[in-house]
Enquirer: 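There's a structure below that I have some questions on.
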Amino acid sequence: MIFLEITGAVLIVLALILFSPITVSLRLNEKFSAAIYFCKIRVFRINPDKPKKRKKENTGENKKKPASKAKKTKEPLFTYLKRKYGFEGAVRLLLSFAKQCLTHIKKLLRHIKIKRITVDLSVAGNDAADTAIKFGRISAAFYPVLSFLDSFKNIRFKKINLKSDFSGQKSEFKFSADITLRIFFFLAAAIKIYFLFMKFFSKEQNDEREQH
């Protein structure tokens with residue numbers, strides 16, 4: 001009897017936790033960062049700019065390691081995609097992946113509330129004609145995602161700013177979103193998106209190896 005009471009209490013607590021709301025904050029500005037808040041308290045964070053603790057350096061002859069053995073810094077995904085496909089190709093690829101993710105979790109979207117979503121995109125080319133062509137291609141890639149978001153009624157604030165920079169300045173892509181959902185639906189969506197990302201990432205790695 002006591003065992004059943006304890007089991008029931010544990011199940012109730014788990015149910016309360018799984019159906020408690022959390023807020024997920026996403027940011028992309030060259031580097032991707034994310035944070036999860038529970039009861040307005042940050043419980044998880046991905047911050048690529050946070051410096052890692054260095055291990056104590058050895059004194060003596062082994063203090064300096066050869067340059068050939070130095071660890072390579074991990075390249076941010078967006079930077080890697082820009083290097084491989086160019087700015088236009090990288091943005092179009094990310095938009096295609098975003099559309100794929102949204103379609104894959106379509107049934108879960110009615111349980112998700114987007115408190116705020118912003119996109120700032122500035123496209124620059126070698127000249128006016130090149131800028132116009134690149135802007136047209138990226139805008140065409142944006143259309144399916146924007147159309148999908150327009151059909152999603154659980155968005156409190158949405159700001160989409162797409163512009164072409166004919167002055168020839170650097171192209172930029174910034175994205176941010178604050179999403180509120182229950183932990184159960186977050187886990188369900190995260191698992192689906194994780195497998196999609198691993199498939200996407202594995203394909204990119206295989207292509208990279210084949211090119212070399």
Side-chain angles (χ1 to χ4, degrees), residues 23-35 46 48 75-181 185-186 189-190 192-204 207:
T23 297
V24 181
S25 179
L26 305 174
R27 300 288 184 272
L28 175 63
N29 184 6
E30 289 295 328
K31 295 180 180 181
F32 174 78
S33 62
I46 297 176
E75 190 175 24
L77 179 61
F78 187 52
T79 303
Y80 163 76
L81 293 176
K82 285 197 301 180
R83 175 173 58 80
K84 186 176 180 180
Y85 300 105
F87 179 82
E88 176 196 340
V91 172
R92 291 172 64 187
L93 192 62
L94 287 179
L95 289 172
S96 176
F97 178 71
K99 180 62 168 61
Q100 187 180 5
C101 290
L102 291 172
T103 303
H104 212 61
I105 63 171
K106 186 176 181 179
K107 293 182 179 179
L108 298 172
L109 290 178
R110 62 190 180 92
H111 301 289
I112 299 173
K113 291 183 179 180
I114 299 180
K115 298 168 64 176
R116 182 185 63 85
I117 181 170
T118 63
V119 176
D120 287 307
L121 173 65
S122 177
V123 182
N126 298 324
D127 50 41
D130 185 45
T131 300
I133 291 173
K134 289 180 177 179
F135 182 77
R137 288 175 178 171
I138 291 178
S139 297
F142 249 115
Y143 178 77
V145 180
L146 292 178
S147 178
F148 195 97
L149 290 175
D150 286 337
S151 66
F152 187 44
K153 298 180 180 180
N154 294 339
I155 301 179
R156 293 182 184 176
F157 176 79
K158 178 175 62 175
K159 180 182 177 182
I160 309 296
N161 182 26
L162 278 67
K163 63 180 181 179
S164 51
D165 186 0
F166 291 102
S167 63
Q169 300 297 321
K170 182 181 178 182
S171 297
E172 291 184 337
F173 176 48
K174 298 179 182 179
F175 166 82
S176 64
D178 294 323
I179 305 166
T180 299
L181 70 169
F185 298 112
F186 167 76
K192 288 177 178 290
I193 293 175
Y194 172 78
F195 285 110
L196 282 176
F197 177 76
M198 292 307 298
K199 183 179 179 181
F200 167 81
F201 188 68
S202 296
K203 182 180 180 301
E204 289 300 319
D207 291 344

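Values reported hereafter were calculated over all heavy atoms of this structure, with side chains retained and with hydrogens, waters and symmetry mates removed.
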Enquirer: Roughly how far, to the nearest 0.5 Å, is the NZ atom of K134 from the CG atom of N126?
Expert: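 Taking CG in N126 and NZ in K134, the distance rounds to 5.5 Å.
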
Enquirer: Answer yes or no: is there a side-chain heavy-atom contact under 4.5 Å between F175 and I117?
Expert: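 Yes, side chains in contact.
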
Enquirer: Could you check whether any side-chain N or O of S171 sits under 3.5 Å from a backbone N or O of A124, counting only pairs where one atom can act as donor and the other as acceptor?
Expert: yes

Enquirer: Just verifying a value: how many Å separate F185 CZ and K107 NZ, rounded to the nearest 0.5 Å?
Expert: 13.5 Å

Enquirer: Can you confirm whether more than 12 heavy atoms, excluding those of K158, are under 6.0 Å from its NZ atom?
Expert: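 More than 12 heavy atoms, drawn from other residues, nucleotides or ligands, come within 6.0 Å of this atom.
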
Enquirer: Taking the side chain as every heavy atom from C-beta outward, state whether V119 and F142 have any atom pair closer than 4.5 Å.
Expert: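 The answer is yes, as the side chains (C-beta and beyond) meet within the 4.5 Å cut-off.
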
Enquirer: Looking only at non-hydrogen atoms, find the nearest pair between L94 and L28 and report the distance.
Expert: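 Scanning both residues completely, I find the closest heavy atoms to be CD1-CD2, 4.2 Å.
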
Enquirer: Give a yes or no answer on whether the side chain of S202 reaches the backbone of K199 with a donor-acceptor pair at less than 3.5 Å.
Expert: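 It does not hold such a pair.
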
Enquirer: Fit a plane to each ring of F87 and F78, take the angle between them on a 0 to 90° scale, and name the class: parallel (under 30°), tilted (30 to 60°) or perpendicular (over 60°).
Expert: perpendicular

Enquirer: Nearest 0.5 Å please: distance from the NZ atom of K31 over to the OG1 atom of T79.
Expert: 7.5 Å

Enquirer: Please confirm whether the backbone N or O of K99 pairs with a side-chain atom of T103, one donor and one acceptor, at under 3.5 Å?
Expert: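 Yes: the side chain of T103 pairs with the backbone of K99.
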
Enquirer: Got more than 12 heavy atoms from elsewhere within 6.0 Å of NZ, K82?
Expert: yes

Enquirer: Does a side-chain heavy-atom distance below 4.5 Å link V123 with E88?
Expert: no

Enquirer: Give, for atom CG of L162 and atom CG of L121, the distance between the pair rounded to the nearest 0.5 Å.
Expert: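 Output value for this atom pair is 4.5 Å.
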
Enquirer: Would you give the length of the straight line joining atom CG of N29 to atom OG of S176, rounded to the nearest 0.5 angstrom?
Expert: 9.5 Å

Enquirer: Is any side-chain heavy atom of L77 closer than 4.5 Å to one of Y80?
Expert: yes

Enquirer: For atom CZ of R156, is the number of surrounding heavy atoms from other residues, nucleotides or ligands below 6.0 Å larger than 12?
Expert: no

Enquirer: Is any side-chain heavy atom of D165 closer than 4.5 Å to one of F135?
Expert: no

Enquirer: Taking salt bridge (Lys or Arg N to Asp or Glu O under 4.0 Å) as the test, write out the residues that go with K113, two or more places apart.
Expert: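 Here no residue qualifies.
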
Enquirer: Taking all non-hydrogen atoms of both residues, which atom of L196 and which atom of C101 are closest, and how far apart?
Expert: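 Between these two residues, the closest heavy atoms are CD1-CA, 3.9 Å.
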
Enquirer: Can you find a pair of side-chain heavy atoms, one from I179 and one from L181, that are under 4.5 Å apart?
Expert: yes

Enquirer: First locate atom CD1 of I193, then atom CD1 of I105, and finally report the distance between them rounded to the nearest 0.5 Å.
Expert: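 The CD1 atom of I105 is 4.0 Å from CD1 of I193, to the nearest 0.5 Å.
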
Enquirer: Nearest heavy-atom pair of S25 and D178: which atoms, and what distance?
Expert: OG-OD1, 3.1 Å

Enquirer: As a quick check of understanding, evaluate side-chain contact (heavy atoms from CB on, under 4.5 Å) for R27 and T118, giving each step before the final call.
Expert: CA-CA 10 Å; R27 300 288 184 272; T118 63; over 6 Å; no

Enquirer: When you look at OH of Y143, are more than 12 heavy atoms from neighbouring residues, nucleotides or ligands closer to it than 6.0 Å?
Expert: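 It does not: Y143 OH has 12 such atoms or fewer within range.
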
Enquirer: Once you measure the plane-to-plane angle for F200 and F197, does it fall in the parallel (<30°), tilted (30-60°) or perpendicular (>60°) bin?
Expert: tilted

Enquirer: Heavy-atom distance under 4.5 Å between the side chains of F148 and K106, does that happen here?
Expert: yes

